[in-house]
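Atoms within each ligand, like the ligands themselves, are counted from 1 in listed order. Here the structure is a predicted model, which means the values were calculated and not measured. Just so you know, these numbers use all the heavy atoms, side chains as well, and skip hydrogens, waters and symmetry mates.
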Amino acid sequence: MKRRIGLLTSGGDCPGLNAAIRGVAKAAYEMFDAEIVGISDGYSGLIHGEYREMSSRDFSGILTRGGTILGTSRQPFSEMRVIGEDQVDKVRAMKDNYKWMKLDCLVTLGGNGTHKTAKLLSDEGMNVIGLPKTIDNDIWGTDVTFGFHTAADIATEIIDRLHTTADSHGRVMVVEIMGNKAGWLTLQAGMAGGADVILLPEIPYDIDKVAKTVNARNKNGKGFTIIAVAEGARSIEEQGMKKKELFANPYRTAAHRVAEQVAARTGAECRAVVPGHIQRGGSPSSYDRVLSTRFGVHAAELIRDEKYGVSVALIGDKVTSNPLDKVAGITKLVPPDHQMVRTAKQIGITFGD
Ligand code: F6P
């Protein structure tokens with residue numbers, strides 16, 4: 001049996017992409033007569049026909065490597081059907097290039113946007129398999145995405161390290177954790193790092209309640225406070241604001257806004273820390289190396305069985321798959337009454353609600 005497989009990585013890079021690519025390739029070479037085509041820079045390479053033939057050597061030594069050997073880019077789903085200034089019909093071009101590259105199937109590794117375009121391509125008749133990648137852990141239908149655990153470990157270490165400065169100087173350290181829509185990463189790292197306040201996009205916060213926590217801790221002789229705020233968290237007042245208005249100054253991010261307001265209300269010395277893309281950098285954790293490998297190998301099994309139009313998922317302890325049309329376009333947010341949130345509240349963590 002011969003299969004010609006196109007691989008692409010799309011959206012923000014994250015640890016585990018190369019491990020997943022390696023998993024697909026190694027298992028495919030073992031299971032059938034596989035030809036693998038590496039498509040450059042995500043959907044951009046498929047639109048513009050930029051790819052390279054790959055061999056087993058390309059997939060050796062990449063298990064521990066961060067980023068993606070294929071390159072990536074952001075190609076907003078909302079613009080996929082829009083003909084831009086370059087006059088390129090992107091969907092038509094992707095269909096034509098799929099044929100021109102003589103692909104039997106396409107494996108797309110990416111987050112929510114990537115999955116929406118994967119479904120579009122599947123609806124257009126291509127054989128597509130999605131692999132759920134994102135540090136945000138917000139893809140519907142899978143318990144966890146690869147990249148999340150590594151980012152959570154990095155963010156936790158950042159919070160651990162901030163504790164020493166917070167304690168020594170008696171400061172409020174406001175650390176901004178990635179996640180625009182979903183707060184899973186902030187919740188996980190915040191709890192693991194022992195943050196006193198956790199602010200999530202899903203739970204609008206009252207800044208006065210945050211300030212009250214800082215004052216109460218000072219009164220109790222704690223002298224410092226760690227606030228973990230998600231990139232996309234908003235106060236009750238900010239809820240009604242348009243993105244343009246809120247980010248009129250793009251460098252005044254969530255952590256800066258919280259630090260400024262807490263300082264004004266409490267008089268405490270506050271520092272905003274934005275670790276940003278450090279959270280997505282470097283080598284995948286042991287958990288992510290194994291999860292990515294399991295996802296990649298399952299994708300090869302699906303190719304062998306010609307089961308397309310699906311996204312690979314971990315449900316319980318089993319790697320399986322969901323139909324793309326059941327998961328693409330649905331963001332898995334933190335339910336405000338999630339057990340983790342309730343647990344955090346039971347040990348005194350403030351969410352500002
Ligand atoms: O989707 C992953 C993510 O890191 C989000 O947490 C964050 O909001 C976004 O990507 C940042 O995107 P970029 O790397 O394009 O700045």
Participant: Check residues 218-231 and write down every donor-acceptor pair under 3.5 Å in which the side-chain atom is one partner and the other belongs to a residue at least two apart or another chain.
Facilitator:
from	atom 1	to	atom 2	distance (Å)
Asn220	ND2	Ala216	O	3.4
Thr225	OG1	Arg217	NE	3.3
Glu231	OE1	Gly179	N	2.8

Participant: Say whether, by atom type as modelled, one donor and one acceptor occur between the side chain of Thr117 and the main chain of Thr114 under 3.5 angstrom.
Facilitator: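 Looks like no, no N/O pair under 3.5 Å.
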Participant: For residues 314-335, which residue pairs qualify under side chain to side chain donor-acceptor pair (under 3.5 Å), counting only residues two or more places apart or in two chains?
Facilitator: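 Of all non-adjacent pairs touching residues 314-335, those that pass side chain to side chain donor-acceptor pair (under 3.5 Å) are Lys307-Ser321.
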Participant: In Å, rounded to the nearest 0.5 Å, how long is the span from CZ of Phe351 to CD of Glu202?
Facilitator: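 If we round to the nearest 0.5 Å, Phe351:CZ and Glu202:CD are 10.5 Å apart.
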Participant: Only one of Leu70, Thr68, Ile39 passes side-chain contact (heavy atoms from CB on, under 4.5 Å) with Leu7; say which it is.
Facilitator: Leu70
Participant: Among all residues two or more places apart in sequence or in another chain, which pass the ring pair (Phe, Tyr, Trp, His ring centres under 6.0 Å) test with Tyr51?
Facilitator: Trp100
Participant: May I have a table of the N/O to N/O pairs between ligand 1 and the protein that fall below 3.5 Å, each row giving the two atom names and the distance to 0.1 Å?
Facilitator:
from	atom 1	to	atom 2	distance (Å)
ligand 1	1 (O)	Asp136	OD2	3.2
ligand 1	4 (O)	Arg280	NH1	2.9
ligand 1	6 (O)	Asp136	OD1	2.7
ligand 1	6 (O)	Asp136	OD2	3.3
ligand 1	6 (O)	Gly179	N	3.2
ligand 1	8 (O)	Glu231	OE1	2.9
ligand 1	8 (O)	Glu231	OE2	3.1
ligand 1	10 (O)	Arg74	NH2	3.0
ligand 1	10 (O)	Arg280	NH1	3.1
ligand 1	12 (O)	Arg74	NH2	3.0
ligand 1	14 (O)	His277	NE2	2.9
ligand 1	14 (O)	Arg280	NH1	2.8
ligand 1	14 (O)	Arg280	NH2	3.0
ligand 1	15 (O)	Arg74	NE	2.8
ligand 1	15 (O)	Arg74	NH2	3.4
ligand 1	16 (O)	His277	NE2	3.2

